[in-house]
Structure formats: structure tokens, C-alpha cells
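Have a look at the structure below before the remarks.
Labels below follow one simple rule: chain letters A, B, ... track the order of the sequence lines, proteins then strands, and each chain is numbered from 1.
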2 protein chains.
Amino acid sequence: MDSATQILEIAERRMRQVGYNAVSYRDIAAEMGVKSASLHYHFPKKEDLGVALVRRYANNFRAHLAASTNGEVDPQTAIAAFVDICRHALTEQHLVCLCAVLGAEAPGLPHPVTIEVKNFFNDNIAWLAARYEALGFKGAIDHARTTLALLEGAMIISVVNDDITIFNAAVKSIQEKLT
Amino acid sequence: MDSATQILEIAERRMRQVGYNAVSYRDIAAEMGVKSASLHYHFPKKEDLGVALVRRYANNFRAHLAASTNGEVDPQTAIAAFVDICRHALTEQHLVCLCAVLGAEAPGLPHPVTIEVKNFFNDNIAWLAARYEALGFKGAIDHARTTLALLEGAMIISVVNDDITIFNAAVKSIQEKLT
DNA sequence: GTCTATAAGATGATAGAC
DNA sequence: GTCTATCATCTTATAGAC
């Protein structure tokens, strides 16, 4: 794993725990065993790191989605795969969605970072909407919107409570509509 | 308005925009026209300010709820009042719930602050659950959980998008279940 | 209650050696 | 690519005068 990737890996995990401003170049460098000046070679400004972080996260998310739904997968299973990505992060890593954290502090982030977060939300609403549409839902776009909002909110509350009960309730609600 | 209240007022608005770590004593003091040292007289440590902030927010939220549902109000109207408090903050002030923001960065906050955030979530889930129960809902507690998660998530995404469409979709989803 | 003054430490960032 | 060295600035926080 090259340095740039390692930086992104560490920064993502930390930001998903404590937010953008609470993560410093020093912290990341210390965990890597290098000096903070080295990070500036790869990401000159923190804004550059933030943008790269969200882009990579969005791409990885899309890749996981594609891997879980390759071949001819029915829309119902595809939506379940979407939910499972969130569940996996929550149960295996105790992490919420990167964009839930950054979205919560969006007005305080460098504008280019906020734009990436916004894109993540809209891209995934569109992805979900296409599946709801394929299932013949009336108001597919609104079902997509509530599904994403529900997952993002439930992840946050679940981590605060250190209890996935609320996430499970959210999943149940999504699944009930699918049947 | 006394100084302590003024500090809380300014700190709340700013933290609901940019998060806990991005708000400094200096910023708040500058907006008040005083020096940052003065703030430490009222709230010696930032953690004290954080705790007071969430407690006041939770109390105000509860007070607004009580004011909107005084007398004999049916549970359906009570839940609608809950939703309207969120809507009002979003449309009139472009602010999300304080606990949505702090919840997103919870593992990085002083522990006493996180506890207050956790209490806010649990208190309001209980409040909503009591209303769903009164309406005869099966799994009232899970309906309460999804309602809160949905509102919190929708507020975040709405602010990022500067568009209340997603919040409106969330409200529609809550209302549909109530009919 | 608010001020001045000050402290110790963190922060993002850069220049230049290796 | 990573290092040392350095920077200006910001951060929370305290002591003591008014």
C-alpha cells in the first residue's frame, strides 16, 4: 500500500469517528510513523485531502455496490445490498458513513469538500430511486430519499448509543416497504 | 439577556452549523464584543459549555413540545408538532438539530457532552414511542426510532443540498404511517 | 464580570537539505 | 519522498488588575 493510500485509509477512519476538524496531519503522520510535513507532499492542503477522501469513499461505495449486485440482481436484493454496506461498517467497524459526519458539519468545511459530500448524497439517491422505480413504486424518488436519510440518521444515533437497535429498526422499516 | 445566555445562544447557532471543534471561545467572544477570557468566567472549560448547551437545547425542545401540545392534544397532532419543530429550524434558520451535529462527531467529544446527546436521543424516542403507543401502533418503540432517525438524517442532507425536498419526503413518509 | 497579559500546546503550511 | 527546521496563527486556559 503506497503512502497516499495509507494516509487516506487512516484519515477516513479517524474522520468517520471525530469529524473533519478533529483530525490533524500530525495525528495521521504519527500513526504512520512519519512526520506531518510528509503528508503535505501528497496532499498539499487539508482541503485536498478532504476532497480526495470523499471521492475515494464514494468510489469504494459504488464498487462495493457493484460487486454485491453483479450479474442480474433483482432491485429488491440490490437495495438490501445497499443497506448491508451500512450495516457492515456499523457492526464490524463501529463507523458511520463518512458523508453523514461531514454532512453534519458541512457549512464549516472547505467548499470543494462540501460539493463532494453533496454529490455522494445525490448519486446514491439516484441509485436507490432507479431500483424503487424498477419495482414499480409510486414516488420512487421519495422512497430513495427517505431510505438514505433513514440510514444516515440511524447510523449516527446507533454509534452514540453504542447499540444497533435503532439501525435494526430502520432496516426493518425499509424492508417492510419492499414486501 | 444575561451574558451566559448570550454565550449559549451564539455557541448553539454556530455549533449547529460547523460542529463542536470548529467553534472557539474567540469566535463567540468576538461576536459578543468581549474578550475570550470573559467566557471562561461563565463556562470554565469548553466541556462545561458543551454540556450546558445540550441540556439547554433538550429543555427548550421539550418546552416547545409542551407548548405545542398543551391541553388535550391527540397523539397524531403531537407527533406533527415534533416534526414541525424540526421543520421550523430548517426553513427559518437553516439549522439542523444540535444533537445530529454533535452525534456525528460523538466519539471525539468530551464524554459528559456525549452523554447529554445520548440522553436527548433516548428521551425523544421515549416521547415519540408514548404517542405511537397511544395510537395503538404495534412496535411503537420502533416507529419512534425510525421517526427520529429519519428526521435527523433528512435535516443533515437537506442542509447540505440547501433544499428541503428530502426533508419533505421524510415528513410525508411519517405522515403516511399516521393515517 | 470583564479586562490585560500570558502561557503551553496544537494547527496547517512552507523552505530547503538529503 | 521524507526529513529537519521553522513559521504565523489559533486554541483552551489561567492569574491577577480593575
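- Checked against C/dT2, D/dC3, C/dA13, the side chain of A/K46 finds its nearest nucleotide in C/dA13.
- At least one side-chain heavy atom of A/I79 sits under 4.5 Å from a side-chain heavy atom of A/L135.
- At whole-Å resolution of the value, OH in A/Y20 and P in C/dT11 are 13 Å apart.
- Note: CG (A/L39) to P (D/dC3) measures 9 Å, nearest angstrom.
- Whole-Å rounding puts the B/N21 CG to D/dC10 C1' distance at 13 Å.
- Of the listed nucleotides (C/dT2, C/dT14, D/dT2), C/dT2 has the atom at the smallest distance from the side chain of B/V34.
- Using a 4.5 Å heavy-atom cutoff, the side chains of A/N21 and B/Y20 are not in contact.
- When distances are taken from the side chain of B/S3 to each of C/dC3, C/dG1, C/dT14, the shortest belongs to C/dG1.
- Candidate nucleotides C/dG1, C/dG12, D/dT12 were compared by shortest atom distance to the side chain of A/H40, and C/dG12 ranks first.
- Distance from the side chain of B/D27 is smallest to D/dT11 among D/dA15, C/dA13, D/dT11.
- C/dT2 atom P lies 14 Å from atom CD1 of B/I28, rounded to whole Å.
- Checking D/dA13, D/dA5, D/dG1 against every side-chain atom of B/S36, the shortest atom distance belongs to D/dA13.
- Comparing C/dG1, D/dG1, C/dT11 against the side chain of A/R26 picks out C/dT11 as the nearest.
- For the pair B/S24 and A/S38, both in contact range of DNA chain D, the more 5′-proximal nearest nucleotide belongs to A/S38.
- Listed nucleotides: D/dT11, D/dT12, D/dT4. Nearest to the side chain of A/K35: D/dT4.
- Looking at heavy-atom distances under 4.0 Å, A/Y25 makes contact with sugar-phosphate atoms alone, never a base.
- The separation between A/H42 atom NE2 and D/dG1 atom P is 6 Å, rounded to whole Å.
- In plain terms, the two heavy atoms of A/V101 and A/R16 that are nearest each other are CG2-O, 3.7 Å.
- Taking the six-membered ring where the residue is Trp, A/F137 and A/Y132 present perpendicular rings, their angle passing 60° and hence far from 30°.
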